[in-house]
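The next block holds one structure in the form of structure tokens; read it before the comments.
Not measured: the values here are computed from a predicted model. When a ligand or atom number is given, it counts from 1 through the structure's own listing order. Just so you know, these numbers use all the heavy atoms, side chains as well, and skip hydrogens, waters and symmetry mates.
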Amino acid sequence: MNADGLMYFPKGFMWGTATSAYQIEGAWSEDGKGVSIWDTFSHMTGKTARGATGEIAADHYHRLSEDLHIMRDLGLNTYRFSISWPRVFSEGAGQVNPAGLAFYDRLVDGLLENHIQPMVTLYHYDLPQALHNQGGWVNRKVAQYFGDYAHEVAHKLGDRVTHWITHNEPWVVAFLGYFTGQHAPGIQDPVAALQVTHHLLLSHGYAVEAIRSEQRQPGKIGIALNLSPIYPASENEEDLQAALRIDSLQNRLTLDPLFRGAYPEDLKQRLGDLFPSVPPEDLKVISTPIDFLGINYYTRQVVRSDPDFPLFQGVPTMPSGNEYSQMWEIYPRGIYDLLSRVWSDYHPASIIVTENGVPVPDGLDFDERVRDYRRIRYLSDHLQEVYRAIQDQVPVGGYLVWSLLDNFEWALGYDMRFGLVYVDFETKKRKIKDSGYWFKQVIANNGLQKSLPYPFNKEDPGFGN
Ligand code: IFM
């Protein structure tokens, strides 16, 4: 910390926000876009809160210039967005849809005009329905199609995109989509979920090769994983062992093949026949070196041993004493522990916090201001922990807030607001929240104030939101 009370981040630090296509774009069937599994799923009765769909979402597709203006206003130097695969290939493969690609072309140009680095995610949950009809991610061929899609996009945008992310949260795609069924395509089959994990990782490797062969400037390539540090509920040996077992499923299942070229042996043994048989050549493809690891962090898990719980004999608990958001426990220290652990165990070339944020029930006050103090507190506390990791030599190159805009939070519909910018879902009107102005100041300073003034502390009157 400096004498002026600011914790300065490294020169060139990436400050930005993240979004995904289905959560903000809308225009679900315009300009030749094909149907995605989320279009199908959200149109089914009972799959999302209040039957919400992404048909219109935040209407970003039609409000691109307004949203670019907001990004510039916030002073972002990086913007992470995803490309809708069915917008580019309405059938997932074969004929390209030029109008779909043109939208992203305009977006990338608009970002660069505003001095914002484009970070492209190729897959953020919205598989073309046509490929699901061929078995979806359970079908190995889909991994190949993903490589072809990556090729096409890199061919078009590879002269301007600075950062590529192949997949967002493959664990969520596999386990919420194919095991619990809370996400599209709503399947509940553990064998499928593990097969899907492998195919997603394989397709990541294909995409890395495809982008490297097509890009015409040295863009950096990575993947974004949802990772959670796992802590034992007590110091008992049983709880410690349970935490390690859950860690193998939650974190090492994706980290080990990507960085060590092998799935965790203990996990494979535990899962026995449930685990797919994997050709050794696949692991070479999966572990193709990448330029950065994206980490999405929201919360931790605290696990206690439970001999009755199948296979893993461990269950998550809800520790008391800490604050909770609408979705999770708030545990800033977890991001420090996670960054330090990933760095010391896997040594990725560089790390970017590709998502961090919090859902709080905020809204417009009488004067049209959104005083989302709890979000400011959350972001500030987490950034302090990121800063601490950087001081300890963990190579963190950027921090992106989830999310730019309030948006469609998957099965939870529009009930969870994560944005730095408030969206009135009736009128689609945007309003920068107090957290957005706070973040703007952090970016402008390239530094964080150590202590937040009134009324950002839990004890202060009016902290409510
Ligand atoms: O909204 C999601 C995003 O799509 C993926 N990461 C977690 C966010 C909050 O749940």
For this session: Decide whether the shortest distance between a heavy atom of His124 and an atom of ligand 1 is less than 4.0 Å.
Result: yes
Problem set entry | Pairing of Lys429 and Glu368 as salt bridge, 4.0 angstrom limit | yes
For this session: Indicate, as side chain, backbone, both or neither, the part of Tyr22 found under 4.0 angstrom from ligand 1 when only non-hydrogen atoms are considered.
Result: neither
For this session: Using the ring-ring contact (aromatic ring centres under 6.0 Å, His included) rule, pick out the option among Tyr22, Tyr125, Trp28 that qualifies with Phe408.
Result: Tyr22
Seminar exercise, completed: Per-atom filter on ligand 1: closer than 4.0 angstrom to a heavy atom of Glu169 are 5 (C), 6 (N), 7 (C)
Exercise. Can you list the atoms of ligand 1 that are under 4.0 Å from a heavy atom of Glu355?
Worked result: 3 (C), 5 (C), 6 (N), 7 (C), 8 (C)
For this session: Indicate the ring-plane relationship of His124 and Trp410, choosing parallel, tilted or perpendicular according to the 30° and 60° boundaries.
Result: parallel
Exercise. Going by the angle between their ring planes, with limits at 30° and 60°, are His60 and Tyr79 parallel, tilted or perpendicular?
Worked result: tilted
Problem set entry | Residue part near ligand 1, for Val172, under 4.0 Å between non-hydrogen atoms | neither
Exercise. Would you call Asn168 a ligand 1 contact, heavy-atom distance under 4.0 Å?
Worked result: yes
For this session: Looking only at distances, please establish whether an N/O atom of ligand 1 is found under 3.5 Å from an N/O atom of Trp410.
Result: yes
Exercise. Starting from atom 8 (C) of ligand 1, which protein heavy atom do you reach first, and at what distance in Å?
Worked result: Tyr298 OH, 3.4 Å
Exercise. Within 45° of the ring axis of Tyr231 and under 6.0 Å from its six-membered ring centre, is that where the NZ or CZ of Arg333 lies?
Worked result: no
Exercise. Can we say Arg87 and Asp126 salt-bridge, meaning some charged N sits less than 4.0 Å from an Asp/Glu carboxylate O?
Worked result: no
Problem set entry | Carboxylate-amine/guanidinium contact Arg375 Asp434, below 4.0 Å | no
Problem set entry | Proximity flag Phe408 to ligand 1, non-hydrogen atoms under 4.0 Å | no
For this session: Kindly indicate, with the supporting measurements, whether the criterion salt bridge (Lys or Arg N to Asp or Glu O under 4.0 Å) is fulfilled by Arg260 and Asp256.
Result: CA-CA 5 Å; Arg260 295 182 175 158; Asp256 279 21; 3.7 Å; yes
For this session: Output the list of atoms in ligand 1 that are nearer than 4.0 Å to some heavy atom of Trp328, sorted by atom number.
Result: 10 (O)
Problem set entry | Within-cut-off N or O pair, Asn296 and ligand 1, under 3.5 Å | no
Exercise. Does ligand 1 have a heavy atom under 4.0 Å from the side chain of Gln23, from its backbone, from both, or from neither?
Worked result: side chain
Exercise. Can you list every salt bridge (charged side-chain N to carboxylate O under 4.0 Å, His left out) pair that touches residues 380-390, not counting sequence neighbours?
Worked result: Arg377-Asp381, Glu385-Arg388
Exercise. Judging by distance only, is a nitrogen or oxygen of Tyr125 under 3.5 angstrom from one on ligand 1?
Worked result: no
Problem set entry | Residue and atom name of the nearest protein heavy atom (relative to atom 1 (O) of ligand 1), distance in Å to one decimal | Glu409 OE1, 2.6 Å
